[in-house]
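Chain naming here is simple, since letters A, B, ... match the order of the sequence lines and numbering starts at 1 in each. Just so we're clear, the structure is a prediction, and the values are computed from it rather than from any experiment.
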There are 2 protein chains.
Amino acid sequence: MRESGIFGENTKMGATQYVHGYSGREALRLNDQAETLSQMIHNDSVFAEGSLVLEAGCGVGAQTKIVATQNPASSFISVDLSQESVKEAEAAAREAGLTNVEFRQADIYNLPFENELFDGILVCFVLEHLSNPEQALDELKRVLKKGGLLMVIEGDHGSTFFYPDSELARKAINCQVQLQKQAGGNSNIGRELYPLLKSAGFADVVVSPRMVYADASRPQLVEGFIKNTFTAMIEGVGEKAVQQGIVDRHTFQKGITDLYRTAGPDGVFCYTFFKGFGTK
Amino acid sequence: MRESGIFGENTKMGATQYVHGYSGREALRLNDQAETLSQMIHNDSVFAEGSLVLEAGCGVGAQTKIVATQNPASSFISVDLSQESVKEAEAAAREAGLTNVEFRQADIYNLPFENELFDGILVCFVLEHLSNPEQALDELKRVLKKGGLLMVIEGDHGSTFFYPDSELARKAINCQVQLQKQAGGNSNIGRELYPLLKSAGFADVVVSPRMVYADASRPQLVEGFIKNTFTAMIEGVGEKAVQQGIVDRHTFQKGITDLYRTAGPDGVFCYTFFKGFGTK
């Protein structure tokens, strides 16, 4: 089972190494979060009727399912570097009854498509894992029609803040940031979408932040985001971070406890996703 | 001339000491920001027709003008601890032609009003300066009618992040956080609104974050917020921070340069205000 969903998708595509684990809990976490956050992130993932859309870095298809269902009059080609993920995505799409998606294995740096084939391109939680997001954007632009629409969605771990504040919790989060950096990625890429899309030469670039704000009045986000998505993700990199000497086990565990503490009745948690739009 | 506007208003009310300066540039900064951000913050500062509304901590009346104009069928009593600010607010309101506001000097911890007098209460950028926000909320609740609506708007300096990232810029921001702490305040109070309103016993508490996202595609926010509001505010505390040994002059200046750098063509700046609603 490969990962899917927010913070864990599309990770095979151009990433040297991937920081999250492959356990059953990880899979559950990734399912949880897709359901909790899809509306916030995909409410405007809309392409013109009849569009041919490339989804670059589909992973096991968690976002594919949402966006292809939402755009029944468009056709999708969803690609991922991992053949295994592509197979899983294909099976999931079949099971969901999707008829407007075709899957194939492909490298985001060297796409097997002619110039200007696609009317639209969707990239979700992919650039954060790449060592050269600029090159990937160049290649995506090559296969996009003139006037075509690119949508890019990324998280930003540096956007995280919470109550009660905790230095140990921030240290635990930093383990994930460090490991992703070692793997060639960038956990804080969300805030960079505007300069990235601009410097790749896209026009009409607009970036829209999507803040997840969770307190006890929003129990679904407390469960679905603070606990089952974000903290579970950080918890998942603990063993590796300890092994690599980024943190000691005790500090890490206390940080995780403090993160779960923000899901309490007086806790508050904030995290921001960024969605960038550009046209060729 | 006393301060008004975001990050600088209502500061005499219950605050032991105030961290911003009183220069002409400060006044300009505070005018700039009120115009740039008022819509984002006050779009839903709406009270039922015929309401009697207390504005607690009105400063020189920058928010008063916006909200009283927006609620022409309500009557406002706007109070501040500083008699001088109240006089300025009164003059400004007269000049603006406001006829639905009455001003008076008052202490937020000991309001000169009978129990349950007001239909609504508005508090903007006040709690951050108080050493005992809980006590202030108790007193505000006392003068609010059963079923009455409280609105609280606060910033959160710990919500700040930007591109290019810079440790020196974060150090410069931390000077403001430290000085405000020394003065008994809390620069990061925005994220705490939910637990504060809940523990004061308000019902139906809802907190809504309002993120200011500024990049070169939003030139008004780049000028009005990154440069003339936030960075100008931080710049304004530099001398005091250096005098108190919180930072050395060189480090501070470099931090300010890096903050202005985020207003460049490839820069990005994020800051979050929080607006809390509760009923008695």
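- The salt bridge (Lys or Arg N to Asp or Glu O under 4.0 Å) contacts involving residues 265-274 of chain B comprise B:Arg261-B:Asp266, where partners must be two or more places apart or lie in separate chains.
- Taken from OG in A:Ser159 to CE in B:Met211, the straight-line distance is 6.5 Å, to the nearest 0.5 Å.
- The residue among B:Gly158, B:Pro209, B:Gly267 with the most heavy atom pairs within less than 4.5 Å of chain A is B:Pro209.
- Contacts between A:Pro265 and chain B at a heavy-atom distance below 4.5 Å involve the backbone alone (N, CA, C, O).
- Proximity to chain B is absent for every atom of A:Ser199, based on heavy atoms less than 4.5 angstrom apart.
- Taking each heavy atom of A:Arg191 and B:Val268 in turn, the nearest pair found is O-CG2, 3.3 Å.
- With respect to chain A, the highest number of heavy-atom pairs below 4.5 Å among B:Val207, B:Val206, B:Thr272 belongs to B:Val207.
- Sorted by first then second residue, the ring pair (Phe, Tyr, Trp, His ring centres under 6.0 Å) pairs that include residues 162-209 of chain A, not counting sequence neighbours, are A:Phe162-A:Phe269.
- Residues of residues 251-259 of chain B having a heavy atom under 4.5 Å from any heavy atom of chain A: none.
- Note on residues 203-214 of chain A: pairs passing side chain to side chain donor-acceptor pair (under 3.5 Å), not counting sequence neighbours, are A:Asn43-A:Arg210, A:Asp44-A:Arg210, A:Asp204-A:Thr279, A:Ser208-A:Arg210, A:Tyr213-A:Asp215.
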